[in-house]
Novice: 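If you scroll down you'll find the structure; I have some questions about it.
Both ligands and their constituent atoms are indexed starting at 1 by order of listing. If you read the sequence from its start, that first residue is 1, and numbering goes on from there.
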Amino acid sequence: MQTDDHITALEAVRAKYRAERDKRIRPDGNHQYGYIGTGKFEDYGADPWTPEVEQRATVHDDVDLTILGGGFGGLVAGAFARKTGIDKIRFIDTAGDFGGTWYWNRYPGLACDVESYIYLPLLEEVGRMPSRKYVSGEEIRQHALAIVDHFELRRDALFQTKIETLHWNDDLERWTVTTSRGDEFNSRYVLVSGGVLQRPKLPNLPGVDDFAGHAFHTSRWDYDYTGGDHTGGLHKLVDKRVAIVGTGATALQVVPRLAEYAKELLVVQRTPSTVDVRADAETDPQWWESLEPGWQNERRKNFIDIVHGQGAEQNLVGDSWTDIGPARGMRRLIASGFTEDPAVSFEMADYEKMEELRRRVADTVEDGDTASRLQPWYMHMCKRPGFSDLYLDTFNKPHVNLVDTEGQGIERFTEKGFVANGVEHEVDLVIFATGYEVSFDPSTRAGVDIRGRRGVPLPEYWAEGMRTLHGWVTRGYPNLFHMGVLQNAHSVNYTHILEQQAAHIMTAVYEAELRGNVLVEPSEESENEWVSTIRAQGPAQDQFLAECTPGYYNSEGKPPRSETFAAGPNEFDQVLNAWLATGGLEQVMEPKSHA
Ligand code: NDP
């Protein structure tokens, strides 16, 4: 029931959220950052996990499928391609091995922050039982390698290699691929799965290259400097003053591990994260054995229904993700018998949820001033929700100090440390937990020159905005498939959408292989229709994000036009299934000119 008190509380909190947002908006937006391996951060990019191979023999052959990216997107696509009967599959990645983000990120404390039973792809087929509800990053990486072995995906892979050009050869009706290592080969199909949060970013601040101490980004952890490994044991920090910059999902996992060893730890905060209950637990083998075939898909769909605020009769995952603002909003609306205005239900539920999270901080952190600075003031889904049963308590340790910059961030670096709130802090080590660039455009994000029929560059064809059918194919770029967040559904359980996309793409490839005389390319009409569908449904989402405190969810306060399918993966699945059932494949079977 909504009362006058509730309305007053909502008005007050709206004003507070807006004030907190306004003090963080900055004119330079995304330009405040630099990127690993470039400019001032040239030296931050080295691969800590695999020694650089100076030279290798170049390849000049023909393959059936080239996959850009050896992370989970590429791997599930490779797995489905194998099942489709595709033989010669060439993975290409700049990393030294498979794993994508789980290859690069090996920081202490790294773990799945979505339940592993729904996050880890192809669990049923690969036949592995995750050891915990939220397994470690290393266990996730091992799962990626298990997929590689299970589907024999390593054979033709090229690592420490970057695709430079992907050019469609109109005569051969194949893609010609060239790489940073001098390879040049032809490929019948190409799939681009370069990841969304793939390019680590750091604050491009004055003096950052004058700092004489040690520094690295969390995605390139330097265990030579810290000692220990992903399980902890950072014994070389016992005499070090350490600063960690950033308090997002990464920092929530790292901070408790650093605090175990550092002589002094400074946690530099610009905006506090929400920190909800984690409640990790070991997997019960009996429960695992009792699961029926198809359980993973069912669990994933149930999770999405709840997280997207669409309601569900039961809650299979039952964790804090399934209790986020929109999930609460739907529960409240149902409880009102749908008599309450949905906008009011969702805002009130969000307010109550955020109040609970603010109380959790106050109940855990003993120092009142530190606690109030750790309380988040924005709507729950303005930023990626955070989860930890360790992070907040860390601030009760005497050698851990919060450097709250009240939304302004670090001002500058010096030879000995950094300046925040006008005060210089001298440190031995700075760890940047400052996140990643978000890019949805596969050609620019992977840094690849993609040219389709008649040599037309993809950015030119997309000059007025992205153009795809269902996010995976583009007219004029036959047999080229995109994976990730494009004009398709997005999910916080990212591997869910990757598997959905891979299965769909490979259904079309299977059909094309059966027919033999076709290329997979959408008709002009089907592409136009989908682009219109997507463009017609963006504004509500954009408006919510525009009101949010800045961060990567809203491109630092200036959300670009939303191109994702707003209703989420479950409804998108229905769209794809209906499309298949009504002969949609005919729209992407383009006769070969040289058949
Ligand atoms: P985020 O982008 O979420 O966080 C970056 C942090 O750096 C923010 O707290 C930001 O503050 C802060 N920051 C940036 N510039 C400055 C500055 N100049 N001074 C002080 N602070 C600054 O990055 P994360 O790596 O934490 O997480 C990125 C995403 O990766 C997550 O949202 C999640 O999707 C994924 N992830 C998944 C995990 C998993 O599944 N295990 C674990 C970790 C991450 P502000 O908020 O003010 O911008």
Side-chain angles (χ1 to χ4, degrees), residues 20-21 23-26 28-34 36 72 100-102 104-107 109-116 118-120 134-141 195-206 208 217-219 230 243-255 266-275 278 280 321 374 376-378 381-388 391 402-413 418-421 425 430-438 485 490-495 548-557:
E20 290 293 324
R21 169 190 182 277
K23 75 181 181 198
R24 288 176 169 81
I25 292 284
R26 32 191 296 167
D28 52 357
N30 275 322
H31 297 295
Q32 66 185 284
Y33 297 110
I36 221 167
F72 275 135
T101 194
W102 304 103
W104 292 109
N105 278 284
R106 304 197 196 185
Y107 58 75
L110 177 65
C112 217
D113 84 348
V114 167
E115 190 197 57
S116 45
I118 58 169
Y119 179 79
L120 293 176
Y134 307 96
V135 295
S136 70
E138 182 56 18
E139 190 169 329
I140 299 172
R141 198 173 68 83
V196 170
L197 298 168
Q198 167 255 13
R199 210 170 152 214
K201 63 184 169 47
L202 304 97
N204 204 358
L205 291 166
V208 69
H217 188 274
T218 43
S219 63
H230 67 276
I244 179 161
V245 185
T247 52
T250 298
L252 261 48
Q253 295 181 334
V254 174
V255 162
L266 304 179
V267 180
V268 185
Q269 172 181 276
R270 195 164 66 174
T271 310
S273 279
T274 54
V275 187
R278 179 75 308 184
D280 190 12
W321 265 115
L374 286 164
W377 293 96
Y378 43 80
M381 287 310 287
C382 279
K383 278 188 177 283
R384 165 91 174 195
F387 311 90
S388 174
Y391 177 76
L402 180 69
V403 179
D404 177 34
T405 63
E406 298 191 25
Q408 303 312 301
I410 287 179
E411 283 162 36
R412 63 191 162 86
F413 281 84
F418 64 92
V419 178
N421 308 322
H425 298 268
V430 174
I431 299 171
F432 289 100
T434 44
Y436 302 83
E437 178 191 38
V438 181
V485 185
H490 183 35
S491 168
V492 294
N493 185 18
Y494 193 57
T495 54
C548 281
T549 192
Y552 83 85
Y553 266 24
N554 67 357
S555 210
E556 301 300 327

Novice: What pair of heavy atoms forms the shortest contact from P203 to V208, and how long is it?
Specialist: O-CG2, 4.4 Å
Novice: For Y436, take its heavy atoms, then give the atoms of ligand 1 lying under 4.0 Å from any of them.
Specialist: 25 (O)
Novice: Under 4.0 Å, heavy atoms only, figure out whether ligand 1 is touched by the backbone of R24, its side chain, both or neither.
Specialist: neither
Novice: Does an N or O anywhere in Q32 fall below 3.5 Å from an N or O of ligand 1?
Specialist: no
Novice: Heavy-atom contacts with P203 under 4.0 Å: which atoms of ligand 1 show up? List them by number with element.
Specialist: 18 (N)
Novice: What is the closest protein heavy atom to atom 1 (P) of ligand 1, and at what distance does it sit?
Specialist: G435 CA, 4.1 Å
Novice: Distance under 4.0 Å to a non-hydrogen atom of Y33: what atoms of ligand 1 satisfy this?
Specialist: 14 (C), 15 (N)
Novice: Considering only the protein, which heavy-atom contact is closest to atom 12 (C) of ligand 1, and what is its distance?
Specialist: G246 CA, 3.5 Å
Novice: Is it the side chain, the backbone, both or neither of F418 that has a heavy atom closer than 4.0 Å to ligand 1?
Specialist: neither
Novice: A111 heavy atoms, cut-off 4.0 Å: which ligand 1 atoms fall inside?
Specialist: 39 (C), 40 (O), 41 (N)
Novice: Suppose we measure from atom 31 (C) of ligand 1 to each protein heavy atom; which comes out shortest, and what is that distance?
Specialist: Y552 OH, 3.5 Å
Novice: Considering the options I244, L110, V267, which one meets the side chain to side chain contact (heavy atoms under 4.5 Å, CB included) requirement together with V254?
Specialist: I244
Novice: What part of A433, side chain from CB on, backbone N/CA/C/O, both or neither, has a heavy atom under 4.0 Å from ligand 1?
Specialist: backbone
Novice: Quick check, are the ring centers of Y107 and H217 under 6.0 angstrom apart?
Specialist: no
Novice: At the 4.0 Å heavy-atom cut-off, does Q408 count as touching ligand 1?
Specialist: no
Novice: Could you identify the single nearest non-hydrogen protein atom to atom 44 (C) of ligand 1 and state the distance to 0.1 Å?
Specialist: T250 OG1, 3.5 Å
Novice: Ligand 1 versus K383, non-hydrogen atoms closer than 4.0 Å: side chain, backbone, both, neither?
Specialist: side chain
Novice: So, F418 versus H425, ring centres under 6.0 angstrom or not?
Specialist: yes
Novice: For ligand 1, which atoms have a heavy atom of G409 less than 4.0 angstrom away?
Specialist: 19 (N), 20 (C)
Novice: What part of A249, side chain, backbone, both or neither, has a heavy atom within less than 4.0 angstrom of ligand 1?
Specialist: both
Novice: Should we say atom CZ of R412 is surrounded by more than 12 heavy atoms from elsewhere, each under 6.0 Å from it?
Specialist: no
Novice: If the cut-off is 4.0 Å to any non-hydrogen atom of Q253, which atoms of ligand 1 fall inside it?
Specialist: 41 (N), 42 (C)
Novice: Among all protein heavy atoms, pick out the one at the shortest distance from atom 47 (O) of ligand 1; state its residue, atom name and that distance to 0.1 Å.
Specialist: T271 OG1, 2.6 Å
Novice: Using a 4.0 Å heavy-atom cut-off, say whether Y134 meets ligand 1 through its side chain, its backbone, both or neither.
Specialist: neither
Novice: Mind checking the OG1-CH2 spacing from T274 to W377? Nearest 0.5 Å is all I need.
Specialist: 14.0 Å
Novice: Less than 4.0 Å between a side-chain N and a carboxylate O, is that true for D280 and R278?
Specialist: no
